[in-house]
Amino acid sequence: MNYYPACPRPDLVLGLSPHSDGSALTVLQQGKGNSVGLQILKDNSWIPVQPISNALVINVGDTIEVLTNGRYKSVEHRAVTHKEKDRLSIVTFYAPSYEIEIGPMQELVNENNPCKYRRYNHGEYSKHYVTNKLQGKKTLEFAKINPGSGLEY
Ligand SMILES: O=C(O)CCC(=O)C(=O)O
Ligand SMILES: [Fe+2]
């Protein structure tokens with residue numbers, strides 16, 4: 001559960017820094033009466049996600065990006081604060097157990113789609129995730145075979 005108090009200077013204070021979730025899928029509930037707080041990064045612009053009554057937001061997380069060999073990208077997102085209104089969001093992360101080994105599905109790797117991510121243990125990734133700052137999609141570098149290669153991720 002995330003609680004963001006009202007903030008007199010939303011221009012200076014973020015609610016939550018830009019990041020992608022380490023999960024496979026994230027299910028997020030934001031109440032309709034809430035201020036708009038969640039934003040996703042699309043084409044280098046931050047797009048607000050309007051709260052809709054009785055609707056859940058589903059985010060693709062890093063684990064799905066790796067499993068699909070980059071076909072489904074984890075979404076970079078952040079939460080902003082509001083001058084007068086506070087905000088509550090409820091998140092549930094669906095992720096593999098720590099002992100599970102993750103890597104791209106064989107079916108999605110071929111000569112046109114070379115393997116972009118190494119195999120690793122999800123517990124290792126979780127440890128890496130929680131011991132690093134939230135900095136956009138930087139945490140996912142952990143899983144890339146060749147981060148500096150110019151491969152299209
Ligand atoms: O409060 C929100 O809308 C975003 C929360 C979030 O991104 C997270 O908990 O990972
Ligand atoms: Fe998140």
Side-chain angles (χ1 to χ4, degrees), residues 1-105 108 116-145 147 151-153:
M1 198 175 284
N2 300 297
Y3 178 67
Y4 307 96
C7 171
R9 295 296 305 267
D11 53 324
L12 297 180
V13 182
L14 275 177
L16 194 57
S17 300
H19 65 283
S20 55
D21 296 333
S23 51
L25 288 175
T26 301
V27 179
L28 184 136
Q29 192 192 351
Q30 43 176 7
K32 188 168 184 268
N34 275 337
S35 58
V36 181
L38 177 64
Q39 298 184 333
I40 60 162
L41 188 64
K42 187 171 188 303
D43 303 330
N44 289 321
S45 298
W46 289 106
I47 313 287
V49 180
Q50 300 289 342
I52 300 173
S53 315
N54 304 319
L56 298 169
V57 175
I58 312 291
N59 282 345
V60 169
D62 295 340
T63 302
I64 292 279
E65 177 162 336
V66 172
L67 285 172
T68 63
N69 196 32
R71 229 181 248 207
Y72 289 174
K73 305 270 190 287
S74 60
V75 64
E76 185 170 339
H77 56 286
R78 68 180 186 179
V80 294
T81 51
H82 189 279
K83 217 170 173 152
E84 278 127 30
K85 292 190 196 166
D86 60 353
R87 176 171 175 266
L88 192 67
S89 68
I90 302 171
V91 271
T92 312
F93 299 108
Y94 289 89
S97 306
Y98 286 158
E99 69 279 8
I100 300 294
E101 196 184 70
I102 297 294
M105 288 185 279
L108 299 178
K116 296 175 183 149
Y117 307 87
R118 62 186 182 84
R119 299 192 73 77
Y120 59 87
N121 174 276
H122 183 70
E124 275 175 62
Y125 188 58
S126 294
K127 192 168 163 191
H128 174 77
Y129 192 94
V130 297
T131 51
N132 280 272
K133 279 202 233 154
L134 297 178
Q135 264 185 294
K137 289 190 62 171
K138 193 148 180 267
T139 334
L140 197 54
E141 298 290 307
F142 171 96
K144 291 178 183 170
I145 287 179
L151 262 182
E152 205 29 65
Y153 280 97

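Each ligand, and each atom within it, is numbered from 1 in the order the structure gives. What you see below is based on every heavy atom in this structure, not just the backbone, and it leaves out hydrogens, waters and symmetry mates. Position 1 is the first residue of the sequence, and the numbers go up from there.
Scanning for side chain to side chain contact (heavy atoms under 4.5 Å, CB included) contacts around Pro10 gives Thr81, Lys83, with sequence neighbours left out.
Side-chain atoms of Leu14 and Val80, non-hydrogen and from C-beta on, do get closer than 4.5 Å to each other. Side-chain contact between Asn132 and Lys138 is absent, with no heavy atoms from C-beta onward closer than 4.5 Å.
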Enumerate, one pair per line, all nitrogen or oxygen atoms of ligand 1 lying under 3.5 Å from a protein nitrogen or oxygen, stating the separation to 0.1 Å; write 'none' if no such pair exists.
residue: ligand 1; atom: 1 (O); partner: Tyr4; partner atom: OH; Å: 2.6
residue: ligand 1; atom: 1 (O); partner: Arg87; partner atom: NH1; Å: 3.2
residue: ligand 1; atom: 1 (O); partner: Ser89; partner atom: OG; Å: 2.7
residue: ligand 1; atom: 3 (O); partner: Arg87; partner atom: NH1; Å: 3.4
residue: ligand 1; atom: 3 (O); partner: Arg87; partner atom: NH2; Å: 2.8
residue: ligand 1; atom: 7 (O); partner: His19; partner atom: NE2; Å: 3.2
residue: ligand 1; atom: 7 (O); partner: His77; partner atom: NE2; Å: 2.9
residue: ligand 1; atom: 9 (O); partner: Asn2; partner atom: ND2; Å: 3.1
residue: ligand 1; atom: 10 (O); partner: His19; partner atom: NE2; Å: 3.1
residue: ligand 1; atom: 10 (O); partner: Asp21; partner atom: OD1; Å: 3.2

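Inspection of the Ser20 and Asp62 side chains reveals an N or O donor paired with an N or O acceptor under 3.5 Å.
Considering Tyr129, Tyr117, Tyr120 in turn, Tyr120 is the only one that fulfils the ring-ring contact (aromatic ring centres under 6.0 Å, His included) rule with Phe142.
From Tyr72, atom OH reaches atom CG of Leu108 across 9.5 Å, with rounding to the nearest 0.5 Å.
A donor-acceptor pair under 3.5 Å is formed between the side chain of His77 and the backbone N or O of His19.
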Solution key, residues 87-105 side-chain donor-acceptor pairs under 3.5 Å, sequence neighbours excluded:
residue: Arg87; atom: NH2; partner: Gln30; partner atom: OE1; Å: 2.7
residue: Ser89; atom: OG; partner: Asn2; partner atom: ND2; Å: 3.2
residue: Glu101; atom: OE1; partner: Arg119; partner atom: NE; Å: 2.7
residue: Glu101; atom: OE1; partner: Arg119; partner atom: NH2; Å: 3.4

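Excluding waters, the set of protein N/O/S atoms under 2.8 Å from the Fe ion (ligand 2) reads His19 NE2, Asp21 OD1, His77 NE2.
The pair Lys144-Glu141 counts as a salt bridge, with a side-chain nitrogen and a carboxylate oxygen less than 4.0 angstrom apart.
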